[in-house]
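First comes the structure, then the notes that go with it.
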Amino acid sequence: MVRRLDPADVPLLYPLVRLSFPHLTLREWMRIGRRLARPGARARQGILVARYGDARPPCGMATFRRGFDLCSGDTLTSDYIITLSYTGAQTIIDALLPAMETLAREWGCDAIRTITHSKPAAKTHSAFPRLCSYGNITERTVRLDHNT
């Protein structure tokens with residue numbers, strides 16, 4: 001089950017966020033999460049939350065933002081897809097991707113871009129994250145067919 005971030009989900013997502021961003025404190029995450037959970041027609045960014053069921057805690061999430069790309073046009077970009085399970089990660093991703101496609105179509109996007117990081121984005125002992133200081137970043141862009 002996948003849905004957009006609800007304000008009640010924000011504290012429940014913190015353990016999942018800490019997997020990839022150990023430098024984020026609960027206070028910082030609550031501020032960021034509340035901003036991303038704001039509803040409204042003008043919201044151009046947010047988080048999709050995956051669960052195994054209504055009564056279950058989150059098992060995955062995908063950040064998203066709407067933007068423009070010279071090559072692809074209006075694009076829904078997911079900078080981070082985080083899953084709680086290494087063994088079931090693909091199942092969770094397989095649930096998030098159709099939800100991203102639905103959102104992209106609702107927003108009139110021409111493509112979806114996902115970015116995968118092989119390592120966490122920032123080291124806990126560094127004063128600031130260094131761009132591409134280690135690990136790899138893989139980018140995939142899929143153009144949407146508006147006739148389907």
Side-chain angles (χ1 to χ4, degrees), residues 1-69 72-124 128-129 131-132 134-146 148:
M1 166 183 149
V2 176
R3 68 172 192 237
R4 288 195 59 176
L5 180 68
D6 184 82
D9 293 329
V10 174
L12 298 175
L13 274 178
Y14 184 62
L16 193 60
V17 169
R18 287 279 305 203
L19 289 174
S20 291
F21 304 100
H23 65 282
L24 278 180
T25 66
L26 177 59
R27 182 182 184 140
E28 290 169 322
W29 165 246
M30 292 299 290
R31 181 182 51 79
I32 293 166
R34 281 192 301 263
R35 182 173 47 88
L36 293 174
R38 280 189 209 137
R42 298 188 65 189
R44 296 174 61 91
Q45 62 185 0
I47 294 177
L48 292 172
V49 180
R51 297 171 181 264
Y52 286 114
D54 279 333
R56 306 285 302 271
C59 61
M61 63 176 267
T63 63
F64 64 85
R65 60 187 164 83
R66 185 176 193 265
F68 181 80
D69 179 88
S72 301
D74 290 325
T75 303
L76 183 75
T77 299
S78 178
D79 294 304
Y80 300 99
I81 298 175
I82 304 170
T83 61
L84 189 59
S85 168
Y86 291 112
T87 57
Q90 191 59 52
T91 303
I92 297 167
I93 292 169
D94 289 346
L96 288 165
L97 292 175
M100 281 192 272
E101 183 176 345
T102 299
L103 184 60
R105 289 182 188 284
E106 287 173 9
W107 283 359
C109 293
D110 299 312
I112 298 173
R113 176 177 295 123
T114 56
I115 300 170
T116 307
H117 305 262
S118 65
K119 301 281 185 175
K123 295 180 184 177
T124 56
F128 58 92
L131 184 63
C132 298
Y134 68 109
N136 297 312
I137 296 174
T138 304
E139 177 188 321
R140 293 178 183 87
T141 301
V142 176
R143 299 205 37 87
L144 296 176
D145 181 2
H146 290 286
T148 59

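Owing to the predicted nature of the structure, the values given are computational and were not obtained by experimental measurement.
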Backbone of [Y] reached by a side-chain donor or acceptor of [X] within 3.5 Å:
X: T75; Y: G73; answer: yes
X: S78; Y: T63; answer: yes
X: W29; Y: V10; answer: yes
X: R51; Y: M1; answer: no
X: Y14; Y: L24; answer: yes

What are the two closest non-hydrogen atoms of [X] and [Y], and how far apart are they?
X: I92; Y: L84; answer: CD1-N, 4.5 Å
X: P11; Y: P7; answer: CD-O, 3.8 Å
X: V17; Y: M61; answer: CG2-SD, 3.8 Å
X: R4; Y: W107; answer: NH1-CZ2, 3.9 Å
X: V49; Y: P58; answer: CG1-CB, 3.8 Å
X: C109; Y: L144; answer: O-CD1, 3.6 Å

Hey, could you give me the [atom1]/[atom2] distance between [X] and [Y], rounded to the nearest 0.5 Å?
X: L5; Y: R38; atom1: CG; atom2: CZ; value: 12.0 Å
X: F64; Y: T77; atom1: CZ; atom2: OG1; value: 11.5 Å
X: R113; Y: S72; atom1: CZ; atom2: OG; value: 5.5 Å
X: I82; Y: L16; atom1: CD1; atom2: CG; value: 5.5 Å
X: L76; Y: D69; atom1: CG; atom2: CG; value: 12.5 Å
X: T25; Y: R18; atom1: OG1; atom2: CZ; value: 8.5 Å

**Asked** Given R105 and E101, is the side chain to side chain contact (heavy atoms under 4.5 Å, CB included) satisfied, shown in steps?
**Response** CA-CA 6 Å; R105 289 182 188 284; E101 183 176 345; 2.9 Å; yes
